[in-house]
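Worksheet: the structure to be examined is printed underneath.
Every heavy atom of this structure was used, including side-chain atoms; hydrogens, water molecules and symmetry mates were not.
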Amino acid sequence: MTARLPVTRPARYDVLFEPVRIGPVTAKNRFYQVPHFNGMGRSFPSAMAAMRGVKAEGGWGVVSTEQCDVHYSGNHLRELRLWDARDVPYLARATDEIHRHGALAAVELVHNGHHVPNLESRATPIAPSVTATRGIFPVTAREMDSADIRAFRRWHRAAAVNAKRAGFDIIYVYAGHDMTLPVHFLSRLHNQRTDEYGGSLRNRARLLRELVEDAKEAVGDTCAVAIRFGVDALAGPDGPSAEEAREVVEMLAELPDLWDVNLGDFSRDGATSRFSDEGHQAEYVKFVKTVTSKPVVGVGRFTSPDLMVAMVTGGTLDFIGAARPSIADPFLPAKIEQGRFGDIRECIGCNICVAGDKANVPMHCTQNPTMGEEWRRGWHPEYIPPRDTDDSVLIVGGGPAGLEAARALGQRGYQVILAERDRELGGRINRESRLPGLAPWARVRDWRLGQLSGMRNVQLLPGNELTAAEVLAGECSLVAVATGATWRADGVGRYHRREVPGLAGVPVFTPDDIMTGRLPEGRVVLFDDDHYYMGGVLAELLARSRRVTFVTPEPLVSAYTQYTAEQKRIQRRVMELCADVHTSTALSHVDAGSAVLSCVFTGRERVVEADAIVTVTGSVPRDALYRELPGESLAAAGIRRVVRLGDCLGPGIIAAAVYSGHLFARTLDTGLSDEPPFRRENTELDWDQRFPTESSNDPAGDRNG
């Protein structure tokens with residue numbers, strides 16, 4: 001259990017720690033971790049349970065699972081399932097972890113209807129009306145008949161009963177994000193039925209009402225029943241219908257025990273900080289409390305305690321809902337309760353957490369490198385083992401990797417010196433957070449500098465570029481080189497493995513140039529072979545005052561941002577601002593005053609005018625110092641290990657750099673080992689009988705993890 005510090009918060013925050021009744025259960029405070037996917041689900045149940053348990057330990061009054069499938073005919077591979085009682089035990093592990101710290105456990109029951117093609121079960125998807133399933137898979141959902149609807153109600157009710165058996169306190173009926181059967185029935189776009197479940201809104205809302213009534217009848221004596229609903233719009237044949245969405249809330253106002261309200265389009269509901277501010281959903285959801293007496297939870301990437309108080313006292317919300325802020329700082333409620341506002345690790349709204357789930361791996365977080373590692377490595381977001389060696393550490397480089405390494409090593413009690421060549425600590429964060437829409441990313445730097453400011457055992461030396469000789473004379477036994485990376489100017493990246501011909505004869509600019517104020521003039525061709533945020537952000541910056549032609553080998557602009565749920569918004573912005581956008585196109589070669597582009601499929605070429613080229617392609621580690629530290633000199637200098645961190649080890653995203661720095665602080669190394677340095681969740685087999693000669697070589701942790 002967490003040791004509680006004395007409460008020193010100002011009295012105005014007391015409202016956040018009032019208990020709130022939800023039907024037959026009571027939440028201990030107003031902090032509510034709403035359902036969020038995480039890439040763990042049923043594939044990594046121990047990791048999922050431990051992660052949720054850490055949230056409860058951090059003070060959240062309610063901790064919810066991600067979506068949980070009620071039947072194999074609407075299953076989502078990445079999420080949980082509760083098809084029958086055999087799925088109860090692993091979910092009970094999660095509720096045990098949540099209850100151990102005094103929080104309520106909520107489960108989001110779901111049938112995904114035509115949102116999923118059922119590639120695992122191979123069951124033909126079901127929907128209110130015949131329709132193609134989402135995505136690119138050539139699958140069509142069939143129309144449900146009355147027997148199917150009765151069966152679905154039966155499956156949902158059985159799942160609610162099993163959820164109660166698993167120990168959940170709140171049972172969700174999920175009718176949001178245009179991805180579940182209840183909301184498909186509500187939508188005029190998806191529902192063309194003419195029976196009692198189609199036509200009028202009351203008919204289309206019939207199934208949602210029945211599911212809530214069924215659940216309350218089955219488990220409502222001890223479990224609360226909640227509706228999760230997107231209040232801004234229901235899809236109609238002529239576009240969104242916000243009026244009908246409001247009518248649904250009014251129609252069912254007093255039926256559930258709680259309303260969990262958000263925006264129906266996930267790209268808006270979970271918008272990145274580049275496209276939305278904290279609390280941006282308030283204007284859409286504030287009407288809900290005017291039509292229901294039941295408690296209301298909503299989200300808005302809340303990290304400011306004052307805004308949280310305003311949401312409650314202003315009558316917008318009863319609960320402060322959070323997904324991403326609870327990932328960035330699972331102990332956010334505890335820190336507010338204890339008045340430790342400067343310790344809050346604020347979400348930057350980058351959606352790397354979303355990307356992990358979409359990639360089918362345990363999610364990551366830029367701010368919180370322990371996310372997803374709670375069970376695998378035993379990492380805790382607040383506590384780290386004290387030093388267990390006599391080492392002193394020199395870190396060269398004050399970017400995200402160096403700052404995180406220094407912070408975590410300082411927390412462990414090591415003597416640390418951090419030297420940075422620039423006069424301002426922060427590295428790439430300083431440059432990138434000044435780009436359009438990325439200002440919140442400065443929180444990665446600011447939180448770590450705030451933590452370091454109180455550590456007497458960590459010495460910060462900005463404005464000091466160390467040489468190899470100075471490192472050898474530094475009298476530190478461990479050296480970490482975190483000097484970052486440099487963007488390439490030769491066009492080499494994912495598409496081109498060799499230099500693009502002709503670049504030497506024209507002005508070429510890299511992201512480093514632009515971020516330090518060296519800007520191209522005239523007609524600019526920007527070649528994006530990085531596919532994350534940088535190409536789109538630089539195009540936006542330059543297109544404000546220049547003619548920009550955007551070129552990418554991918555079929556989409558900033559293709560990776562499909563994983564961060566912002567690609568469509570980015571592509572729209574680039575298409576609106578740039579003179580031309582060429583997808584599936586490579587920069588073939590460059591001549592004076594022109595760039596030759598080629599189709600990546602046919603090789604067909606076109607020529608565009610170009611006074612300058614911007615290459616957003618690959619990066620190379622800035623690791624000269626590391627290579628200048630020969631092994632034979634280290635022992636004589638008392639240095640037992642030199643490692644590289646972050647982009648100096650392997651250029652990547654900021655989250656990877658922070659993780660690299662944290663890994664070094666935990667292990668004092670970044671090298672590869674013969675065996676995985678983390679636990680795996682393997683299916684347990686009778687290993688001794690199948691492989692009797694090898695049983696002694698199989699680690700018990702792998703077989704029984």
Regarding [X] and [Y], do their side chains bring together a donor and an acceptor under 3.5 Å, going by distance alone?
| X | Y | result |
| --- | --- | --- |
| N262 | Q281 | no |
| N29 | E337 | no |
| D357 | H36 | no |
| R301 | S276 | yes |

Would you say [X]'s side chain and [Y]'s backbone share a donor-acceptor pair under 3.5 angstrom?
| X | Y | result |
| --- | --- | --- |
| N38 | M363 | no |
| S273 | I348 | yes |
| R448 | V444 | yes |
| S304 | L307 | yes |
| R412 | P385 | yes |
| D528 | H531 | yes |
| D329 | E346 | no |
| R407 | L452 | no |
| Q571 | V557 | yes |
| H662 | V658 | no |

Could you go step by step and tell me if L425 and L418 meet the side-chain contact (heavy atoms from CB on, under 4.5 Å) rule? CA-CA 10 Å; L425 294 168; L418 185 150; 3.7 Å; yes
To the closest 0.5 Å, what do you measure between [atom1] ([X]) and [atom2] ([Y])?
| X | Y | atom1 | atom2 | result |
| --- | --- | --- | --- | --- |
| L538 | M515 | CG | CE | 7.0 Å |
| L91 | D96 | CG | CG | 11.0 Å |
| F229 | L263 | CZ | CG | 11.5 Å |
| D669 | F664 | CG | CZ | 8.0 Å |
| L104 | K28 | CG | NZ | 9.0 Å |
| R377 | T370 | CZ | OG1 | 12.0 Å |

Decide whether a cation-pi geometry holds between R268 and Y284; the criteria are a distance under 6.0 Å from NZ or CZ to the six-membered ring centre and an angle within 45° of the ring axis.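 Ring-cation test returns yes.
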Salt-bridged, [X] to [Y], with N to O below 4.0 Å?
| X | Y | answer |
| --- | --- | --- |
| R666 | E373 | no |
| D260 | R228 | yes |
| E681 | R42 | no |
| D647 | R622 | no |

Among residues at least two apart in sequence or on other chains, which ones pass side chain to side chain donor-acceptor pair (under 3.5 Å) with T272?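 Side chain to side chain donor-acceptor pair (under 3.5 Å) check on T272 returns E566.
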Answer yes or no: does atom CG of N457 have more than 12 heavy-atom neighbours from other residues, nucleotides or ligands under 6.0 Å?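 Counting neighbours around CG of N457, more than 12 heavy atoms of other residues, nucleotides or ligands fall under 6.0 Å, so yes.
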Other residues, nucleotides and ligands only: do more than 12 of their heavy atoms fall within 6.0 Å of NZ on K286?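 No - once you tally the heavy atoms of other residues, nucleotides and ligands closer than 6.0 Å, there are 12 at most.
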Side chains of [X] and [Y]: closer than 4.5 Å at any heavy-atom pair?
| X | Y | result |
| --- | --- | --- |
| Q451 | D343 | yes |
| P677 | T667 | no |
| I570 | Y533 | no |
| W259 | V297 | no |
| V20 | Y32 | no |
| S64 | I170 | no |
| V309 | V312 | no |
| F168 | L82 | no |

Hey, mind stepping through C353 and R324 against side-chain contact (heavy atoms from CB on, under 4.5 Å) and telling me if it holds? CA-CA 8 Å; C353 53; R324 291 170 293 175; 3.7 Å; yes
Only one of E374, E66, E97 forms a salt bridge (charged side-chain N to carboxylate O under 4.0 Å, His left out) with R52, so which one is it?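 Per the salt bridge (charged side-chain N to carboxylate O under 4.0 Å, His left out) rule, the option paired with R52 is E66, out of E374, E66, E97.
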Centres of the Y659 and W379 rings: under 6.0 Å?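 Yes, the ring of Y659 comes within the 6.0 Å limit of the ring of W379, centre to centre.
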If you compare all heavy atoms of T564 against all heavy atoms of A355, which two are closest, and at what distance to 0.1 Å?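 For T564 and A355, the tightest heavy-atom pair comes out as CG2-CB, 4.1 Å.
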Given the rule in the side-chain contact (heavy atoms from CB on, under 4.5 Å) test, do H115 and D178 qualify, once you have shown the distances and angles that lead to the verdict? CA-CA 8 Å; H115 183 70; D178 199 28; over 6 Å; no
For the pair [X] and [Y], name the ring-plane relationship: parallel under 30°, tilted 30 to 60°, perpendicular over 60°.
| X | Y | value |
| --- | --- | --- |
| F31 | F17 | tilted |
| Y13 | F341 | tilted |
| Y563 | Y560 | parallel |

Set out, in order, the CA-CA distance, both residues' side-chain angles and the distance that settles side-chain contact (heavy atoms from CB on, under 4.5 Å) for I98 and Q33, then state yes or no. CA-CA 11 Å; I98 294 169; Q33 183 251 280; over 6 Å; no
Evaluate R345 against E382 for salt bridge (Lys or Arg N to Asp or Glu O under 4.0 Å), listing each step before the verdict. CA-CA 10 Å; R345 193 190 291 109; E382 295 299 306; 3.8 Å; yes
